[in-house]
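Below is one structure, written out as structure tokens; the observations come after it.
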Amino acid sequence: MAHPITKFKSVLMQVLLVPGGAGELKKMLTEPTGLHIQDQKLIYKKKERDSKSYLDVERVKDGSKLVLLVDIESRERRILETLKIAKKEKTLKSLTEIKVEVDKLAKKVAALEAATSTGGVIAELDIETLTENLMRTLIALDEIYGEGELKLQRREQIRRVQKHIETLDMLRMARENSISLKNEEKNMARESKVHCGGHMQGRQGNPKKQQPLKHPDSVVVTTKWETFD
């Protein structure tokens with residue numbers, strides 16, 4: 001087996017050339033140089049050797065000199081791709097967490113709907129709290145950027161949140177209408193009671209005048225009593 005000499009940053013390294021392409025040599029150089037295999041550019045006889053090329057075919061022999069350079073463009077592409085993957089994973093994680101939260105809020109909205117449909121009275125605070133939580137979720141979704149499948153997932157969650165907010169708005173209106181109707185019924189009942197009470201009081205306050213008792217005519221004394229001087 002050949003022992004070519006590789007130069008990197010003015011440092012000469014002798015490596016054992018194993019059968020295979022230049023990619024195998026790059027793997028061996030990863031640890032001593034600290035370079036990622038994709039960031040390595042292997043030069044032999046002033047020509048870059050592709051990772052798939054076979055060095056024995058390229059006539060690399062014992063003592064042959066190879067130069068290892070940092071592939072700046074490849075490194076930048078790799079870093080960008082790594083950042084892109086990391087961002088994608090972060091977005092996916094955020095969407096998953098938001099979906100779980102929306103599922104929880106959806107159950108609470110459904111519970112309020114069920115209570116309303118059975119004639120129950122729901123608290124205004126419950127509606128407001130759910131609406132605020134959904135609005136915060138909507139803001140969180142607005143800050144998320146995704147492409148492809150992630151974009152579709154984000155759009156789906158936005159539609160769900162907006163639908164639940166609209167449902168809460170309808171529940172709020174139904175609650176207000178119900179309260180208004182009950183207040184009107186109470187007012188009508190109160191007015192009716194007052195009216196009936198006034199009518200009865202009127203009847204009691206104006207009793208039928210009683211005719212005065214008729215006394216027999218005064219007795220007229222016609223007998224003249226004899227007067228004695």
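Since the structure is predicted, the reported quantities are computational estimates derived from the model, not experimental observations.
In terms of heavy atoms, Val161 sits closest to Leu134 at CG1-O, 3.4 Å. The two residues Arg175 and Ala123 come nearest to each other via the heavy atoms NE-C, 4.0 Å. When every heavy atom of Ile122 is checked against every heavy atom of Ala115, the shortest pair comes out as CG2-CB, 3.9 Å.
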| Step-by-step side chain to side chain contact (heavy atoms under 4.5 Å, CB included) determination, Leu130 to Ile165 | CA-CA 8 Å; Leu130 279 175; Ile165 292 176; over 6 Å; no
| request: Report the C-alpha distance between His36 and Arg75 in whole Å, list the side-chain angles of each, state the deciding distance to 0.1 Å, and finish with yes or no for side chain to side chain contact (heavy atoms under 4.5 Å, CB included). | output: CA-CA 8 Å; His36 191 278; Arg75 169 179 281 182; over 6 Å; no
| request: For the pair Asn133 and Lys108, evaluate side chain to side chain contact (heavy atoms under 4.5 Å, CB included) and give the outcome as yes or no after the intermediate values. | output: CA-CA 11 Å; Asn133 289 336; Lys108 294 182 179 180; 5.6 Å; no
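Remark: Lys107 does not engage Asp103 in a salt bridge, criterion side-chain N to carboxylate O under 4.0 Å. A salt bridge links Glu156 with Arg159: at least one charged nitrogen is closer than 4.0 Å to a carboxylate oxygen.
From Ile79, atom CD1 reaches atom CD of Glu76 across 7.5 Å, with rounding to the nearest 0.5 Å. Here the straight-line distance linking atom CZ of Arg136 with atom CG of Leu105 works out to 9.5 Å at 0.5 Å rounding. Interatomic distance, CD1 of Ile72 versus CG of Asp39, reported as 8.5 Å (0.5 Å rounding). To the nearest 0.5 Å, the span separating CG on Leu171 from CG on Leu112 amounts to 6.5 Å. Residue Arg77 holds its CZ atom at 9.0 Å from CD of Gln38, rounded to the nearest 0.5 Å. For the atom pair CG of Leu150 and CD of Glu89, the computed distance is 10.5 Å after rounding to the nearest 0.5 Å.
Under 3.5 Å, the side chains of Tyr145 and Glu143 contain no donor-acceptor pair of N or O atoms.
Side chain of Arg154 to backbone of Leu95: no donor-acceptor contact under 3.5 angstrom is found. The backbone N or O of Asp71 sits nowhere less than 3.5 Å from a side-chain atom of Ser74 that would complete a donor-acceptor pair. With hydrogens and angles disregarded, no donor-acceptor distance shorter than 3.5 Å links the side chain of Thr91 to the backbone of Gly146.
Taking the side chain as every heavy atom from C-beta outward, Gln153 and Lys99 never approach each other to under 4.5 Å.
The salt bridge (charged side-chain N to carboxylate O under 4.0 Å, His left out) check on Glu128 picks up Arg172, with sequence neighbours excluded.
Both Ile98 and Met135 are assigned to one and the same hydrophobic cluster, defined by single-linkage of ILVMFWY side chains at heavy-atom distances under 4.5 Å. No chain of hydrophobic side-chain contacts below 4.5 Å, direct or via other Ile, Leu, Val, Met, Phe, Trp or Tyr residues, connects Leu80 to Ile85.
Residue Met170 shares its hydrophobic cluster (ILVMFWY side chains chained together at separations under 4.5 Å) with no other residue.
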